[in-house]
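Accompanying notes for the structure given below.
Read the numbers this way: they start at 1 and go in the same order the structure lists the ligands and their atoms.
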Amino acid sequence: MKLERSRGLFREAQRYLPGGVDSPVRAFKAVGGTPPFIVRGQGSKVYDADGNEYIDYVCSWGPLILGHAHPQVVDALKKAIECGTSFGAPTELEITLAKMICSAIPSIEMVRFVNSGTEATMSALRLARAFTGRDKIIKFAGGYHGHADGLLVKGGSGLATLGLPNSPGVPTNYAHSTLVAPYNNAKAVAQLFQRYPNDIAAVIVEPVAANMGVVSPQPGFLESLRGLTSRFGALLIFDEVITGFRVTYGGAQNLFKITPDLTCLGKIIGGGLPVGAYGGKQEIMEMVAPNGPVYQAGTLSGNPLAMTAGIETLKILSQPEVYERLEDAASRLEEGIVKAVFSPKLKLTVSRFASLLTIFFSGNPALDYESVSHAETALFGRFFQQLLSEGVYWSPSQFEAAFVSLAHSTDDIRLTVGTISKVLSHVERQSFEGLA
Ligand SMILES: *Cc1c(COP(=O)(O)O)cnc(C)c1O
């Protein structure tokens, strides 16, 4: 596969942009090689600057559940853009999308639109702290909620610990107000509540973890979080930036029948344009400015183009059998991969929830960050590179999800399974030779 032009662009990009990118994973540090520079996307495919075509399983990291450049979304955007791109004044589009979200997710009675998932979680936590009058929060190791300071923390050496900065620039004192527990471990959360019964404002959780690779919640885990937060007067925040309108219409809370106090959204609700949102009970949301004292604002928040793309995307997702089609495609992909692993020498775990899927190069069941962190990243890197050169654009990190969209056809899935089978047998042979 030719990547001459992408190589040149990557060199030039690195002169002007740190790492040549605007978000780290795009630089392929975890897998090596040159990231293809994308010039166009259509349906399930993306095309790079050298004219290579790929079946895309990144789908902009989740927003493009309809695939690239869906005609209905593009047509609506063309009309919207003719009317201007931003007003800094209210529009009816914001009501339309807010109504769609509130009726799809009953725990959301009111919603505030922002510009990214990071802004949504950061603002939801500020609101939770204001509402409870408490400072500490609990997050889970391996859970990602954007890059706000208090969320860029890792656990210490114990089971349930004070957070430590996970990036230079995060003040240690601030990181300490984030407590960290292992995912799927309600006991550790209970321990933290016993230690700080009156100090914890909120527990923030991805109801299906998808940022350490896909890790599903064990039965009872989310229920326990609901029970503990209610008992100790803390808020339960579901970060559904990925799972919202992905695992079903609405989101994971509809599937698991758990009512969080606040929900963070992003990705799909912007249909590929920059967006985020947080919402919940009216009583809590009324505390947000201008009705209440909790300040939060945004020049481009509720942007008419983002609202338009979100509205059209949700319209299509609310049609019958959409999620059955996604489930069908994703389960065929999973089954195909599982069948392709014909030798027990290569230890693989395929972890799937709805249309989110990770192939862990590890025999461990995916339960929490500790259990997935031992995956063989070097093998994954080889797998990824070979897939890419065969025209399948998989997520360029062992600890990310692949995203199946409605644009992935039966043929796309069949081709992908064939390619993965072929690549896995290569990787397996190479790993033998490496061991010999
Ligand atoms: C992507 C993501 C975020 C951050 O959203 P951005 O729009 O990238 O800031 C937050 N939480 C979860 C669960 C995410 O997957």
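- Here the shortest heavy-atom pairing between Thr308 and Leu77 reads CG2-N, 4.1 Å.
- Closest heavy-atom approach to atom 4 (C) of ligand 1 within the set Leu265, Asn115, Thr118, Val275: this belongs to Thr118.
- Using a distance-only test at 3.5 Å, with no hydrogens or angles considered, a donor-acceptor pair links the side chain of Arg226 to the main chain of Thr259.
- Side-chain atoms of Gln398 come within 3.5 Å of backbone atoms of Ile359 as a donor-acceptor pair (strictly under, hydrogens ignored).
- Of all atoms in ligand 1, numbered sequentially from 1 with element shown, those under 4.0 Å from a heavy atom of Glu206 are 13 (C).
- Between the Ser177 side chain and the Lys136 main chain, no donor and acceptor come within less than 3.5 Å of each other.
- In this structure, Glu324 contributes its side chain and Asp328 its backbone to no donor-acceptor pair below 3.5 Å.
- Numbered from 1 in the order shown, with element, the atoms of ligand 1 that lie under 4.0 Å from a heavy atom of Ser116 read 7 (O), 9 (O).
- At a 3.5 angstrom cut-off on N or O pairs, Asn211 counts as close to ligand 1.
- Looking at Ile242 next to ligand 1, no N or O pair under 3.5 Å apart turns up.
- Looking at Glu327, its side chain never comes within 3.5 Å of a backbone N or O of Tyr323 through a donor-acceptor pair.
- Each of the atoms 11 (N), 12 (C), 13 (C) of ligand 1 lies under 4.0 Å from some heavy atom of Tyr144.
- Ring centers of Tyr183 and Tyr369: at least 6.0 Å apart, outside the cut-off.
- Under the 4.0 Å distance rule, the nearest protein heavy atom to atom 8 (O) of ligand 1 falls outside the cut-off.
- Judged by distance alone, the side chain of Thr358 and the main-chain N or O of Glu400 form a donor-acceptor pair under 3.5 Å.
- Not a single heavy atom of His147 sits under 4.0 Å from any atom of ligand 1.
- Looking from atom 5 (O) of ligand 1 to the surrounding protein, the closest heavy atom is Gly117 CA, 3.1 Å.
- The protein heavy-atom contact nearest to atom 14 (C) of ligand 1 is Lys267 NZ, 3.0 Å.
- Looking at atom 11 (N) of ligand 1, its nearest protein heavy atom turns out to be Asp239 OD2, 2.7 Å.
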